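Atoms within a ligand are numbered from 1 in the order they appear, just like the ligands themselves. The model shown is predicted, which means the values in this text are computed figures rather than measured ones. Start at 1 with the first residue, then count along the sequence.
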Amino acid sequence: MTKERLITGKTKLLGVIGHPVEHSLSPAMHNAAIAHLGLDYVYLPFPIAPQNLEIAIAGLAAIGVVGFSVTIPHKQAIMPLLSEITPLAQAIGAVNTVSRQNNQWVGTNTDIEGFIAPLQTTYKQDWSQKVAVILGNGGAARAVVAGCHQLGFAKIHVVGRNVQRLQEFGNSWNNSPISENLQVHQWEELPKLIPQANLLVNTTPIGMYPKVNESPLSVEEIANLPKGAIAYDLIYIPKPTQFLEQAEKQGAIAIDGLEMLVQQGVAALKIWLQQETVPVEVMRQALQKHLGLG
Ligand code: NAP
């Protein structure tokens, strides 16, 4: 029998801000962890339109919110509204986790930790001679680039379709040590890059539900992926994506986006609760159940 969870005047508030926020998976994941730990917290969805962001952040402070997740479209817009931003979040240029510390909002980004988690545990190896090829140059690609740099990749190639956005992406790292091993390329250069890839990451939404029959790469392109390379798709539904299915057929190791989602949440909850131990398996199962995978 599950213990009844009572919300009282003392219950501490956590949440997620976004627009829209109805489809966020974070409430299911974090409330499962809170219930498992028996803590007097609740994690709520806060739908906040872009024009209300500033007033909403002040409101969250006024009602004593302990911390919150940040999702689309606020990940960059929130930055000037915070008192402090960790160097990691500054390097990426986006915040996904905010906590209240000494009456001030402090922003960080746990997507890097989420992304690298499987590469540091299950698939741990020496990455210093390895090559990463990243498809897409949007928000998530920034965390992936920073993560690959943190793991020590020798070369990081980012491939995009829009020349201007690609150049801006490349230039945005100019003041960072990351720029030393980073190169940007147009999509047409992929046939030359794929045979070099030890890690191939899809950060584009191609193949995401409901367009489950699409893949960022053709069968011919993916056939040149070296055997034993890792194909990593940030998409978590469907499981597996076309991209991962094709890569596995070529003898690649497949990692989907679910673990990244779990681990970025784990890292955020540790910050809010100021404790090192959170129930990772409970959070993973809550997500799987919510996504109809469990
Ligand atoms: P985003 O900022 O919109 O970036 C998407 C990137 O994909 C852009 O570079 C875009 O290129 C490119 N792209 C889109 N359609 C394309 C196409 N048909 N051909 C080539 N490139 C295309 O989105 P995001 O926030 O980075 O998210 C990207 C994906 O990662 C989503 O599927 C999201 O669900 C997933 N994600 C997963 C996690 C996780 O925890 N697992 C975390 C974050 C994101 P243009 O700039 O030319 O449009």
For atom 28 (C) of ligand 1, closest protein heavy-atom neighbour: T203 O, 3.0 Å

I235 neighbourhood, listing ligand 1 atoms whose heavy-atom distance to it stays under 4.0 Å: 32 (O)

N162: numbered ligand 1 atoms lying under 4.0 Å from its heavy atoms: 47 (O)

Atom 15 (N) of ligand 1 within contact range, any protein heavy atom under 4.0 Å: yes

Residues S69 and Y43: side-chain donor-acceptor under 3.5 angstrom: yes

Distance-only polar pair, side chains of Q101 and S99, donor-acceptor under 3.5 Å: yes

Min N/O separation G138 to ligand 1 under 3.5 Å: yes

Heavy-atom proximity to atom 19 (N) of ligand 1, best of T204, I206, V201, D256: I206

Test of proximity, R165 against ligand 1: N or O pairs below 3.5 Å: yes

Cation-pi check, R142 onto W173 ring (under 6.0 Å, within 45° of axis): yes

Under 3.5 Å donor-acceptor, S179 side chain and S176 backbone: yes

Charged tip of K130 within 45° of F153 ring normal and under 6.0 Å: no

Atom indices of ligand 1 within 4.0 angstrom of L261 heavy atoms, with elements: 40 (O)

Main-chain N/O of Q186 paired to E189 side chain as donor or acceptor, under 3.5 Å: yes

Q264 touching ligand 1 at heavy-atom level, < 4.0 angstrom: no

Y232 (side chain) donor-acceptor with F115 (main chain) under 3.5 angstrom: yes

Polar contact flag, side-chain donor to acceptor under 3.5 angstrom, T241-D233: yes

List, one per line, each side-chain donor-acceptor pair under 3.5 Å for residues 213-220, sequence neighbours excluded.
{"from": "S215", "atom 1": "OG", "to": "L217", "atom 2": "N", "distance (Å)": "3.3"}
{"from": "S215", "atom 1": "OG", "to": "L217", "atom 2": "O", "distance (Å)": "3.0"}
{"from": "S215", "atom 1": "OG", "to": "Q246", "atom 2": "OE1", "distance (Å)": "3.2"}
{"from": "S218", "atom 1": "OG", "to": "E220", "atom 2": "OE1", "distance (Å)": "3.4"}
{"from": "S218", "atom 1": "OG", "to": "E221", "atom 2": "N", "distance (Å)": "3.1"}
{"from": "S218", "atom 1": "OG", "to": "E221", "atom 2": "OE1", "distance (Å)": "3.4"}

Contact (N/O only, under 3.5 Å) between R161 and ligand 1: yes

Any N or O of L234 closer than 3.5 Å to N or O of ligand 1: yes

Numbering as shown, the atoms of ligand 1 that approach Y236 to under 4.0 Å (heavy-atom distance): 41 (N)

Protein non-hydrogen atom below 4.0 angstrom of atom 48 (O) of ligand 1 present: yes

Sub-3.5 Å N/O-N/O distance, N137 and ligand 1: yes

Option nearest atom 1 (P) of ligand 1 (shortest heavy-atom distance, choices G265, G139, A141): G139

Considering all heavy atoms, the nearest N96-T110 contact: OD1-N, 2.8 Å

Geometric N/O contact G257 with ligand 1, under 3.5 angstrom: yes

Side chain D256, main chain L258, donor-acceptor under 3.5 Å: yes

Min N/O separation P205 to ligand 1 under 3.5 Å: no

Closest to atom 31 (C) of ligand 1 (judged by heavy-atom distance), picking from K75, M260, M208, E168: M208

Part of L135 within contact of ligand 1 (heavy atoms, under 4.0 Å): neither

Hydrophobic cluster partners of I85 (side-chain heavy atoms under 4.5 Å): I7, L13, I17, V42, L44, F46, I48, L53, I57, L60, I63, V65, F68, V70, I78, M79, L81, L82, V95, V98, W105

Geometric N/O contact I72 with ligand 1, under 3.5 angstrom: no

Over 12 non-hydrogen atoms of neighbours within 6.0 angstrom of CD in E281: yes

Shortest protein contact, atom 27 (O) of ligand 1 (heavy atom only): A140 CB, 4.0 Å

Sub-4.0 Å protein heavy atom next to atom 33 (C) of ligand 1: no

